[in-house]
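Each remark here refers to the structure printed beneath this line.
Atoms within each ligand, like the ligands themselves, are counted from 1 in listed order.
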Amino acid sequence: MTNRPNSEALYKEACGLMPGGVNSPVRAFKAVGGTPVFFKRAKGAYLFDADDRSYVDYVSSWGAILLGHADDRVVSAISAAAANGTSFGAPHEGEVRLAKEIIERVEPLERIRFVNSGTEATLAAIRLVRAATGRNKILKFEGNYHGAVDSLLAKAGSGIATFGLPDSAGVPKSITHDTLLAKYNDAANVEEILNANRGEVAAILVEPVSGNMGLVPPKPGFLQALRRLCDEHAVLLVFDEVMTGFRVAKGGAAERFGITPDLLCMGKVIGGGLPVGAYGGRKDLMDLVAPLGPMYQAGTLSGNPLAMAAGYAALSNLDQEQYETLETLGARLEAGLNQACQGESIAAQVQRVGSMISVFFTEQPVNDFDEANTTNKPLFGSVFHSMLDKGFYLPPSALEAWFMTTSHTEADIDRTVEAFAASLREVVA
Ligand code: KE4
């Protein structure tokens with residue numbers, strides 16, 4: 001492993017100041033080992049670390065960066081907004097402009113509320129579905145992550161009738177009691193759980209494309225089955241598009257798969273790299289949100305002028321041509337990674353939707369969390385570090401999605417594939 005003295009020193013100092021030296025656990029490299037790299041600059045598809053090494057970036061701030069880092073249009077929009085004040089705590093035109101841009105893109109959206117993170121968006125969405133239905137239970141999927149929300153930090157108990165168990169210290173059983181866990185891509189299991197909890201489920205919350213157990217696409221018909229089951233059981237359907245929104249299509253997964261959810265949770269891309277989340281959907285549901293209705297949700301920095309300006313600068317520069325570019329780059333990387341694994345006779349599943357991709361070192365396609373966990377995590381860790389030393393920054397976990405931006409080039413993709421093949425040769429030698 002290449003040493004990075006400045007990252008090492010910064011990490012040592014950070015560990016004396018912040019838990020694990022990081023402000024979000026996945027950044028700490030626990031899943032791959034070694035010392036996290038500290039970055040100081042990014043531009044386009046590239047990151048530059050504290051030791052002045054450069055990397056082709058496949059984390060892209062976990063999907064928040066879509067146009068490429070430090071896009072001139074986004075940076076100037078932020079600078080202009082900052083010159084007029086960083087926060088008013090009052091309504092301003094930037095909120096109207098971004099809300100309009102988003103609602104025009106996403107057909108199921110009639111109303112939207114901005115918050116400051118994906119976690120806040122899903123937290124508000126589950127409060128809203130409970131307010132709307134008078135029911136308490138939420139059905140989610142094993143392997144789906146919806147932010148650090150107490151009731152959603154739940155793991156499956158045994159059997160279909162039992163309820164979620166806390167998946168984090170500090171979360172009381174009473175809080176996850178109303179969280180039901182189903183198997184992703186298994187509509188029969190969902191139906192079974194709905195029947196076992198008839199009349200008690202407020203909503204199904206789903207990542208329409210799973211990015212938090214590695215990239216697991218919905219099987220053909222799965223999302224359609226969720227829509228049908230929700231209609232049959234008078235249950236609301238909530239798409240968590242914090243990752244997929246505005247990335248897998250101009251109108252997100254709802255557009256790509258032709259499904260109309262009742263509510264959507266958004267984040268990442270809509271902030272252009274600044275802290276923004278949002279939830280929205282049917283007007284009759286959103287009219288329940290204060291100050292219009294009885295469901296309370298608030299935030300000092302919600303609709304922040306800089307974040308609104310950054311989000312608008314990002315989204316308004318993402319047209320159909322850009323989405324075609326993302327599709328072409330994704331397909332090129334998928335083909336190259338497959339070729340590299342086959343060339344080195346390594347059993348692997350390369351799974352992709354648009355510009356989100358994962359490599360699972362396992363024999364069979366991965367359709368759910370149990371299957372995702374059959375991937376050879378130690379092998380991924382070795383490949384991760386070999387790629388890092390070659391100047392390619394993959395997500396530091398086998399169970400995360402890789403993200404491309406419109407700034408990635410075919411040459412970047414080809415170099416990545418070449419390095420990946422070399423890394424496979426090295427680590428299996
Ligand atoms: P944030 O609160 O981190 O903005 O969003 C939470 C969230 C909600 N829903 C989905 C589908 C998400 O993917 C996320 C956050 N994604 C992770 C990546 N696995 C963020 C990385 C991190 O936790 O540092």
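- Using a 30° and 60° split on the angle between ring planes, Phe29 and Phe384 fall in the perpendicular class, above 60°.
- If you number the atoms of ligand 1 from 1 as listed, the ones under 4.0 Å from a heavy atom of Val26 come out as 22 (C), 24 (O).
- Atom 7 (C) of ligand 1 has Gly147 N, 3.7 Å as its closest protein atom, hydrogens excluded (heavy atom only).
- The aromatic rings of Phe380 and Phe361 are tilted relative to each other, their planes meeting at an angle between 30° and 60°.
- Looking at atom 9 (N) of ligand 1, its nearest protein heavy atom turns out to be Asp240 OD2, 2.7 Å.
- Residue Arg256 is tested with Glu241, Glu107, Glu327 for a salt bridge (Lys or Arg N to Asp or Glu O under 4.0 Å); the sole match is Glu327.
- Per-residue contacts place Met243 under 4.0 angstrom from the following atoms of ligand 1 (heavy atoms of the residue considered): 13 (O), 18 (C), 19 (N).
- For atom 3 (O) of ligand 1, no protein non-hydrogen atom is found at a distance below 4.0 Å.
- Remark: minimum distance from atom 5 (O) of ligand 1 to any protein heavy atom is reached at Gly118 CA, 3.4 Å.
- For Tyr323 and Phe246, the gap between ring centers reaches or exceeds 6.0 Å.
- Salt-bridge formation is detected for the pair Lys40/Asp52: a Lys NZ or Arg NE/NH1/NH2 atom is positioned less than 4.0 Å from an Asp or Glu carboxylate oxygen.
- Protein heavy atom at the shortest distance from atom 8 (C) of ligand 1 is His146 C, 3.4 Å.
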Scan the side chains in residues 288-300 for donor-acceptor partners under 3.5 Å anywhere in the protein, sequence neighbours excluded, and list what turns up.
unit_1	atom_1	unit_2	atom_2	d
Gln297	OE1	Arg113	NH1	2.9
Gln297	OE1	Tyr279	OH	2.8

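- Taking every heavy atom of Trp62 and a limit of under 4.0 angstrom, the matching atoms of ligand 1 come to 18 (C), 21 (C).
- Listed by first then second residue, pairs satisfying salt bridge (charged side-chain N to carboxylate O under 4.0 Å, His left out) with a partner in residues 287-308 read Lys283-Asp287, not counting sequence neighbours.
- Residue-ligand proximity, Tyr145 to ligand 1, at heavy-atom distances under 4.0 Å covers atoms 9 (N), 10 (C), 11 (C), 12 (C), 14 (C), 15 (C).
- When the options Leu181, Asp368, Asn373 are evaluated for a side-chain contact (heavy atoms from CB on, under 4.5 Å) with Glu142, the one that passes is Leu181.
- At under 3.5 Å, a nitrogen or oxygen of Asn212, whether backbone or side chain, sits near a nitrogen or oxygen of ligand 1.
- In terms of polar-atom proximity, defined here as any N/O pair under 3.5 Å, Ser24 does make such a contact with ligand 1.
- The residues Asp284 and Arg111 are annotated as not salt-bridged, no charged nitrogen and carboxylate oxygen being separated by less than 4.0 angstrom.
- Taking every heavy atom of Thr119 and a limit of under 4.0 angstrom, the matching atoms of ligand 1 come to 1 (P), 2 (O), 5 (O), 6 (C).
- Counting atoms of ligand 1 from 1 in the listed order, those under 4.0 Å from a heavy atom of Glu400 are 18 (C), 19 (N).
- For atom 16 (N) of ligand 1, the nearest protein heavy atom (residue, atom name, distance) is Lys268 NZ, 3.1 Å.
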